[in-house]
Amino acid sequence: IPTLLVSPVLGTVFFAYLGRYAGLRDDTFYVIGNGVLAVTGPCVFGGTMALGNERRYQTLAAVLGTPAPRGAILLGRALPYVVNGIVVAIAVTAVSTLLLDVHISLAAVPGLLLVWLVAALACTAFGLALGAVGMRLRDVWVISNTVWVALWLVSGANVPRADLPGWLAAVGAVLPLAHGIDAARAIAAEGALAAGRADLAVEAGVGLAWAGIAAVLFRVFERSSRRSAALDLG
């Protein structure tokens with residue numbers, strides 16, 4: 001609860017008041033952006049733990065010993081984190097709107113639910129890619145924590161991407177969330193899914209790309225780990 005719910009809500013309130021002081025954006029900007037950003041906790045870290053911790057706790061050999069298709073293994077491990085991410089996004093957005101007295105039209109809710117679903121899928125795929133790297137690295141948490149902090153900046157949740165240096169904006173464009181946040185803000189502003197359809201499609205494409213990368217890395221590191229007898233950490 002402190003990590004997945006309290007921390008994102010406090011972060012939303014902090015950046016909203018900072019935005020008020022700086023005259024940068026209104027509260028709705030931060031509530032919508034951080035609502036989508038909230039899926040990173042359960043999804044990025046969850047996806048990373050789904051594979052990285054198997055090696056850490058010396059259970060990876062048992063997982064890889066199963067004849068089940070690798071795609072089914074990855075999908076089965078991703079779904080609980082996706083559901084968790086959506087629940088967290090709903091809770092963080094709902095509490096933040098109450099605390100900051102932000103109004104979101106009921107017509108925008110179905111579109112926002114779809115954005116949270118796509119963003120959760122994309123972040124979990126990204127987390128699985130990091131977890132696959134953890135099949136070879138001893139400490140993948142340095143990478144995952146660094147990436148998680150970076151998403152607060154490059155996703156546009158708290159700093160408009162138009163105000164970022166070009167290379168940072170480009171980095172955000174190939175990572176999950178940036179296009180999803182753009183879609184969520186467009187849907188909240190217009191009250192219709194059609195307003196964010198293009199950005200949502202791009203976010204889905206980013207998620208599919210990271211899912212493919214995760215599958216490839218999983219297979220590559222599985223084979224190399226078998227050859228080098230490095231499936232478990234001693």
Side-chain angles (χ1 to χ4, degrees), residues 4 36-57 59-61 63-64 66 68-86 88-89 115-157 167-168 170-181 200-228 230-233:
L4 298 183
V36 181
L37 182 67
V39 305
T40 57
C43 295
V44 173
F45 285 113
T48 303
M49 287 189 294
L51 296 179
N53 274 355
E54 294 289 359
R55 183 170 180 239
R56 179 180 178 85
Y57 295 113
T59 53
L60 182 59
V63 173
L64 298 182
T66 176
R70 296 312 184 233
I73 291 177
L74 292 177
L75 180 61
R77 288 171 177 272
L79 290 180
Y81 300 112
V82 171
V83 174
N84 194 11
I86 296 171
V88 168
V115 171
W116 292 330
L117 171 61
V118 174
L121 287 166
C123 282
T124 303
F126 182 59
L128 288 172
L130 295 178
V133 175
M135 294 171 65
R136 293 298 296 167
L137 297 182
R138 295 187 66 87
D139 188 2
V140 73
W141 302 112
V142 173
I143 298 175
S144 59
N145 277 285
T146 301
V147 170
W148 177 66
V149 173
L151 285 173
W152 283 70
L153 174 63
V154 301
S155 66
W167 67 274
L168 269 182
V171 169
V174 299
L175 293 177
L177 293 186
H179 303 287
I181 289 173
L200 190 59
V202 176
E203 180 72 12
V206 171
L208 286 173
W210 280 109
I213 292 171
V216 170
L217 290 176
F218 185 79
R219 292 297 292 178
V220 168
F221 289 128
E222 175 187 356
R223 292 173 180 172
S224 65
S225 295
R226 290 180 186 275
R227 288 196 301 267
S228 59
L231 290 178
D232 294 325
L233 290 173

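The structure displayed is predicted, hence computed values, not measured ones.
- For the atom pair L117 CG and E203 CD, the distance stands at 11.0 Å (nearest 0.5 Å).
- With sequence neighbours left out, F45 forms a ring-ring contact (aromatic ring centres under 6.0 Å, His included) with W148.
- With sequence neighbours left out, the side-chain contact (heavy atoms from CB on, under 4.5 Å) criterion links I213 to A129, W210, L217.
- One distance of note links SG of C123 with CH2 of W116; it measures 14.5 Å at 0.5 Å rounding.
- By the side-chain contact (heavy atoms from CB on, under 4.5 Å) test, A209 pairs with no residue at all, sequence neighbours left out.
- In this structure the side chain of V174 never reaches within 4.5 angstrom of the side chain of V206, judged on heavy atoms.
- Looking at residues two or more places apart in sequence or on another chain, you find a side-chain contact (heavy atoms from CB on, under 4.5 Å) between V142 and D139, T146.
- For the pair T48 and S144, the tightest heavy-atom approach, listed with the atom from each and the gap, is OG1-CB, 4.1 Å.
- Applying the side-chain hydrogen bond (donor to acceptor under 3.5 Å, both in side chains) test to residues at least two apart or on different chains, none of the pairs has a partner in residues 120-134.
- Listed by chain and number, the residues in a side-chain contact (heavy atoms from CB on, under 4.5 Å) with L37 are N34, T40, L151, W152, S155, A157, N158, L177 (sequence neighbours excluded).
- Between V39 and G85, the shortest heavy-atom distance links the atoms CG1-O, 3.5 Å.
- Of all heavy-atom pairs between P176 and A122, the closest is CG-O, 3.7 Å.
- In plain terms, the two heavy atoms of A125 and G207 that are nearest each other are CB-O, 3.7 Å.
- When every heavy atom of A214 is checked against every heavy atom of A132, the shortest pair comes out as O-CB, 4.2 Å.
- In terms of heavy atoms, V36 sits closest to A119 at CG1-CB, 3.9 Å.
- Between I86 atom CD1 and L121 atom CG the span is 7.0 Å, to the nearest 0.5 Å.
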